[in-house]
Structures are given as C-alpha cells and as structure tokens.
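Every number for a ligand or one of its atoms is a count from 1 in the order of the listing.
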Amino acid sequence: MFRTSSLGVGGMATEPLKRFSTHDGPLARPGAPADPDTAPLVLRTARESDLPELRRLDQEVFGEVAYPAFLLRQLYDMYAEHFLVLDDGTGRLRGYVLAGTSALRADSWILGLGVAHDRRRHGLGRELMVAILGRLRRSGIKEVRLTVEPGNRAAVLLYRSLGFRPEGPDGGLRRDYFGPGMDRQILHLDLAARAAAPQG
Ligand SMILES: CC(C)(COP(=O)(O)OP(=O)(O)OC[C@H]1O[C@@H](n2cnc3c(N)ncnc32)[C@H](O)[C@@H]1OP(=O)(O)O)[C@@H](O)C(=O)NCCC(=O)NCCS
C-alpha cells in the first residue's frame with residue numbers, strides 16, 4: 001500500500017474482542033446504546049455514508065500521510081466491493097482494508113490497511129487481510145502486491161505470515177519509491193498458487 005503510519009505501530013488494545021463476524025450483517029443489539037470500547041465489531045463492505053468516518057480513521061492511523069478526502073472518495077468509487085471496514089456499531093469504524101484491482105491483468109494492490117490504536121494486537125489486521133484476500137480470490141484475482149515501509153515490523157510480520165514475499169532484487173527494497181527518503185519494500189502474493197495449495 002502507499003503509506004505507513006507516522007504514528008507508530010505499537011498501540012495497545014484495552015480489552016479483547018467480544019465477537020467478530022467475517023460476514024456482512026446487522027449490528028449486535030440493535031437499538032441498544034453501545035459502549036464504544038466494548039461494542040462487538042462487524043466486518044462489512046464500506047458504504048458511501050462511511051466516507052467521513054473512514055477519513056477520520058485514516059487520519060488517526062496515518063496522520064500526515066492520510067489520503068486526501070477527494071482521493072478516498074474516488075478510491076471508494078472505484079473499488080467499493082474491495083473496501084472493507086470494521087464497524088463497532090456506535091458510529092465509529094475501527095479498521096479498514098482497501099484493495100485496488102485490475103480485471104484485465106487479474107492483479108491487485110493493497111492500497112490501505114489500518115486498525116485503530118486501541119484495537120490493535122487482537123487479530124483484526126489479520127482478519128481484515130484474510131477477508132480481503134478471500135474476496136479477491138473469489139473475484140478471480142491471481143496476484144496481490146503491496147508496499148510497506150521496511151521498518152514497519154508489525155505490518156511486515158503480518159504480511160509475511162500470510163504468505164507475502166519480497167518481489168524483485170534486493171529483497172524487494174525500492175529506494176525513494178515515494179520520493180526522496182521514502183523507501184518501500186514490495187511484497188507479492190501468488191493468490192492462485194495459494195488457492196491451489198492445501199488450506200490450513
Ligand atoms: C499493521 C496493523 C494493521 C496490524 O493490525 P493488528 O490488528 O494490530 O494486527 P493483528 O493483531 O492481526 O496481528 C497480526 C500479526 O501482525 C504482527 N504484528 C502486529 N502488531 C505487531 C507488533 N506491534 N509487533 C510485532 N508484530 C506485530 C504479528 O505477526 C501478528 O501475528 P501474531 O498475533 O500471531 O503474533 C496495525 O498495526 C496498524 O494499523 N498499523 C498502522 C498502519 C499500518 O502500518 N498499516 C500497514 C501499512 S503497509
């Protein structure tokens with residue numbers, strides 16, 4: 001993806017996740033006031049009405065390198081079916097993942113992945129990635145790529161555990177990829193080969 005959070009990767013979660021759905025669905029306890037810190041999360045496709053909250057979350061996670069509102073809007077317009085959010089039912093989103101796809105070449109780039117600071121280290125980043133990879137596979141996508149700041153240990157470990165591997169020479173390191181001093185590592189996942197392999 002394009003960016004790495006400038007706010008660090010070590011946020012601690014305050015409590016364990018109560019329930020997690022990998023399907024679109026209604027929020028738990030409809031009508032009841034929800035506690036934002038304990039509300040169960042629902043993973044669902046992003047909606048147009050999520051855009052202001054997505055912008056807030058993206059800024060929380062990525063700070064000064066957050067997507068501008070206009071670009072987030074256009075990414076949503078292009079890739080809505082591959083834009084997933086974690087909704088806590090209180091009007092707040094706690095995580096998102098976005099993949100851009102090229103139907104012609106059957107490939108894809110992960111363009112954004114972020115989890116709210118107070119919800120990290122509870123498996124949500126992994127759940128978002130597993131869900132988007134499943135959707136991409138069902139859409140016929142065969143290759144997935146992303147960029148990551150080489151020092152972003154949390155993200156690198158997550159991606160590698162999902163089967164992503166460096167692409168190209170120098171361990172996938174591309175110096176000044178996003179401009180002077182903004183090195184990135186390119187990771188690649190062969191989704192077709194993974195689909196053919198026995199699933200754990
Ligand atoms: C990267 C990020 C999405 C991970 O989300 P998360 O919900 O905390 O991750 P998970 O709890 O699902 O952890 C999945 C794996 O990631 C790795 N990981 C996550 N956080 C880690 C940390 N602080 N230190 C080391 N490894 C970490 C581990 O391998 C972990 O697997 P394990 O729990 O079996 O050890 C989150 O840290 C984040 O939003 N970071 C800021 C935005 C960002 O950098 N996005 C990626 C840009 S390329």
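Taking a 6.0 Å sphere around CZ of Arg174, one finds it holds 12 or fewer heavy atoms contributed by other residues, nucleotides or ligands.
Residues Pro166 and Arg160 come closest through the heavy atom pair CD-NH1, 3.3 Å. Between Asp183 and Pro150 the shortest heavy-atom distance is O-CD, 3.6 Å.
On a distance-only criterion, Leu113 and ligand 1 share at least one N/O pair closer than 3.5 Å. Considering both main-chain and side-chain atoms, Asn152 comes within under 3.5 Å of ligand 1 through a nitrogen or oxygen pair. By the 3.5 Å distance cut-off applied to N or O atoms, Val115 is counted among the residues near ligand 1.
Which of Ser161, Gly125, Gly112, Gly95 comes nearest to atom 7 (O) of ligand 1 through a heavy atom is settled by distance: it is Gly125. Around atom 8 (O) of ligand 1, the closest heavy atom drawn from Glu60, Arg119, Arg121 belongs to Arg121. Atom 31 (O) of ligand 1 has its nearest heavy-atom neighbour, among Met129, Arg126, Glu149, Arg160, in Arg126.
In this structure, the salt bridge (charged side-chain N to carboxylate O under 4.0 Å, His left out) partners of Asp107, at least two apart in sequence or on a different chain, are Arg105, Arg145. With sequence neighbours excluded, the residues satisfying side-chain hydrogen bond (donor to acceptor under 3.5 Å, both in side chains) with Arg126 are Ser161.
Of all atoms in ligand 1, listed by their number and element, those nearer than 4.0 Å to a heavy atom of His122 are 11 (O). With ligand atoms numbered from 1 in the order given, ligand 1 contributes 10 (P), 11 (O), 12 (O) to contacts under 4.0 Å with heavy atoms of Gly123. Ligand 1 places these atoms under 4.0 Å from at least one heavy atom of Val61: 41 (C), 42 (C). Close approach to Leu124 involves these atoms of ligand 1, each under 4.0 Å from a residue heavy atom: 7 (O), 12 (O). Applying the 4.0 Å criterion to heavy atoms of Tyr159 picks out, from ligand 1, the atoms 46 (C), 48 (S).
In this structure, Gly114 has a heavy atom closer than 4.0 Å to ligand 1.
The distance from the CD1 atom of Ile132 to the CG atom of Leu162 is 12.5 Å, given to the nearest 0.5 Å.
Between Phe62 and Tyr96, the ring planes lie perpendicular to each other; the angle is over 60°, past the 30° to 60° tilted range.
Remark: the Ser139 side chain and the His82 side chain contain an N/O donor-acceptor pair separated by less than 3.5 Å.
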